[in-house]
Amino acid sequence: MPSEHWTHPEPGDGPAAVAAQPSPEQVIAGLRATSEGGAELTQLLTPEGERVASPQFDRYVDDIDAEALKGLYRDMVLVRRADREANAMQRQGQLGIWVPLLGQEAAQIGSGRALRKGDMAFPSYREHGVAYTRGVDLKEVLGIFRCTDHSGWDYKAHGFHPYTIVIGNQVLNAAGYAMGQKFEGKVGDDDSEATICYFGDGATSQGDVHEGFVWAAVYDAPLVFFCQNNQWAISEPTERQSRLPLYQRARGYGFPGIRVDGNDVLACLAVSRWALEECRHGNGPVLIEAFTYRMDAHTTTDDPTRYRLSDELEEWKLKDPIERVRAYLARGGGADQAFFDQVQADSDAFAAELRDYCFNMPEPPPDRIFSNVYAESTPLLDKQREEFLSYMDGFVGAGEH
């Protein structure tokens, strides 16, 4: 008799094991389901760069010709190059910490490019690629990790909320915002608004995420929950956190869930467009599990060699989100070597610009921490500001600031 799947049973593959202690066969079955993505993985571009037809989702990317795909490729290359440069700057003492997105470019660029101007995105702390698609200057993102800013951009103008460091808290904020869109009558047709919220697989173990699921479901909020399952919540693998594929959790709350190849930018774009369309028309919320892999450390304070094998990383390098688009464009004649060389040159120039800015970033004045606390200052805040500045003036060399 075939063994039951303990951690990640797929539909039709049998129930989860009822034993408190899984058998070795059950553990292996769950691990295989995790590493392969499962039978219900939505994919439009294979790791080898071959196009896969999808009756359900092809229509959502009918407008993506070779030129548009070149644009998505360029987005991913520039964002990765910026990410690598920021990682290096942290090692050189220019940033306090950095949160790498290496390997997750397709999930972020694909979903980010699916958003419209009136939509709102709620990130965690790794969505540098989504910030880029929303027109946020990555120099302003660097300020967060250099500890000179909380977030320097106009979140309303960009439709991109400030980063959230507390794991899962942004899901509650997003649910409330999306409920507001529903209450204000901004849902119901093609021109309506929607919200998307980003979080990782580890956040699905937090209570805030489940509360957000409940409220969004109860109020039919136009909210896309976008889970980037990068396989590792710091040092805990996904199979230690869930007996089911994460997208199947949506069933318990009464809304649809779908698993997409998070390393396939075309599939991420198509599935995100579909989900956002559902939400715009009042059929939300929707849960997307972007099945991807974190090819670097959780943050620059983490050492992933202590808890995962190098063989696993090498396997996922073969599924690189950028290389599969490059292969598709090169094989079909959509781009030549001159294009790829130019994109590389542009990305190097982009990284140099970020480096120059970071190295020459002015130190903010001490009273900066009191800016933008409220829309209008209060007597108590003014008093605290005066007391703080008076305290700072008591130090030697204070006048130099």
Side-chain angles (χ1 to χ4, degrees), residues 75-76 78-80 82-83 86-87 95 97-146 149-178 181 193-204 206 208-209 212-213 216 221-230 233-234 262 265 268-269 272 275-276 279 285-290 292 294 296 298-299:
D75 288 344
M76 291 193 292
L78 263 63
V79 166
R80 175 174 291 188
D83 173 73
N87 206 76
L95 300 177
I97 193 174
W98 182 248
V99 185
L101 60 72
L102 185 64
Q104 298 180 222
E105 296 88 357
Q108 295 193 17
I109 297 299
S111 61
R113 288 301 184 196
L115 294 166
R116 297 179 184 171
K117 183 174 176 57
D119 297 333
M120 179 62 74
F122 284 78
S124 61
Y125 44 70
R126 198 185 303 274
E127 279 68 53
H128 322 312
V130 182
Y132 176 82
T133 67
R134 300 303 281 165
V136 174
D137 192 332
L138 292 190
K139 297 188 187 75
E140 295 179 308
V141 173
L142 289 180
I144 301 173
F145 299 97
R146 193 175 170 88
D149 245 321
H150 292 298
S151 59
W153 60 87
D154 184 333
Y155 75 92
K156 288 186 178 179
H158 290 285
F160 188 74
H161 196 266
Y163 277 22
T164 301
I165 306 302
V166 179
I167 305 297
N169 182 250
Q170 70 276 15
V171 178
L172 293 177
N173 299 331
Y177 188 92
Q181 290 174 314
E193 297 179 3
T195 296
I196 190 168
C197 182
Y198 294 88
F199 52 93
D201 47 293
T204 63
Q206 294 290 112
D208 285 2
V209 175
F213 284 1
L223 176 55
V224 176
F225 296 105
F226 196 93
C227 174
Q228 293 177 87
N229 179 2
N230 63 23
I234 305 184
V265 69
C268 288
L269 175 64
S272 297
L276 289 164
C279 289
V286 176
L287 171 62
I288 297 174
E289 178 193 355
T292 182
R294 193 191 78 217
D296 201 350
H298 178 73
T299 72

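Worth knowing before you read on, the calculation uses all heavy atoms, side chains too, and leaves out hydrogens, waters and symmetry mates.
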In Å, rounded to the nearest 0.5 Å, how long is the span from [atom1] of [X] to [atom2] of [Y]?
{"X": "T195", "Y": "L115", "atom1": "OG1", "atom2": "CG", "value": "9.5 Å"}
{"X": "D149", "Y": "E140", "atom1": "CG", "atom2": "CD", "value": "7.5 Å"}
{"X": "Y163", "Y": "R126", "atom1": "OH", "atom2": "CZ", "value": "10.5 Å"}
{"X": "N169", "Y": "T164", "atom1": "CG", "atom2": "OG1", "value": "6.0 Å"}
{"X": "F213", "Y": "L287", "atom1": "CZ", "atom2": "CG", "value": "5.0 Å"}
{"X": "S111", "Y": "L276", "atom1": "OG", "atom2": "CG", "value": "8.5 Å"}

Only counting residues at least two apart or in another chain, list the ones meeting side-chain contact (heavy atoms from CB on, under 4.5 Å) with [X].
{"X": "I97", "value": "F145, T299, T300, T301"}
{"X": "A106", "value": "M76, V265, P321"}
{"X": "V79", "value": "L101, I109, Y132"}
{"X": "C279", "value": "A194, P222, V224, V286"}

- Message: Hydrogens and angles aside, do R134 and H161 bring a side-chain donor and acceptor to less than 3.5 Å of each other?
- Response: no
Is there a donor-acceptor pair under 3.5 Å between the side chain of [X] and the backbone N or O of [Y]?
{"X": "Q228", "Y": "Q108", "answer": "no"}
{"X": "N230", "Y": "T292", "answer": "no"}
{"X": "E105", "Y": "G103", "answer": "yes"}
{"X": "W153", "Y": "F160", "answer": "yes"}

If the condition is side chain to side chain donor-acceptor pair (under 3.5 Å), which residues does [X] pass it with, not counting sequence neighbours?
{"X": "E193", "result": "Q181"}
{"X": "N87", "result": "none"}
{"X": "S272", "result": "none"}
{"X": "R294", "result": "Y307"}

- Item | Whether over 12 other heavy atoms sit under 6.0 Å from H158 NE2 | yes
- Residues two or more places apart in sequence or in another chain: which of them pass salt bridge (Lys or Arg N to Asp or Glu O under 4.0 Å) with R113? D75
- Under the salt bridge (Lys or Arg N to Asp or Glu O under 4.0 Å) test, which residues partner D137, sequence neighbours left out? K139
- Query: Do P123 and Q170 come close enough that some side-chain heavy atom pair is under 4.5 Å?
  - Reply: no
- Message: Is there a side-chain contact between P162 and Y155 in this structure, where contact means two heavy atoms from C-beta onward sitting under 4.5 Å apart?
- Response: yes
- Going through the checks in order, is the side chain to side chain contact (heavy atoms under 4.5 Å, CB included) test met by V141 and Y125? CA-CA 10 Å; V141 173; Y125 44 70; over 6 Å; no
For a quick test of reading the model, state the closest non-hydrogen atom pair linking [X] to [Y] and the distance between them.
{"X": "L172", "Y": "G212", "value": "CD2-N, 3.8 Å"}
{"X": "A121", "Y": "V130", "value": "CB-CG1, 4.4 Å"}
{"X": "A216", "Y": "P285", "value": "O-CD, 3.5 Å"}
{"X": "A86", "Y": "W98", "value": "CB-CE2, 3.4 Å"}
{"X": "D201", "Y": "A233", "value": "OD2-N, 3.5 Å"}

- Query: With sequence neighbours left out, what residues match F226 under ring pair (Phe, Tyr, Trp, His ring centres under 6.0 Å)?
  - Reply: Y198
- Message: I'd like to check the ring pair (Phe, Tyr, Trp, His ring centres under 6.0 Å) partners of Y177; sequence neighbours left out, ordered by chain and number.
- Response: F122
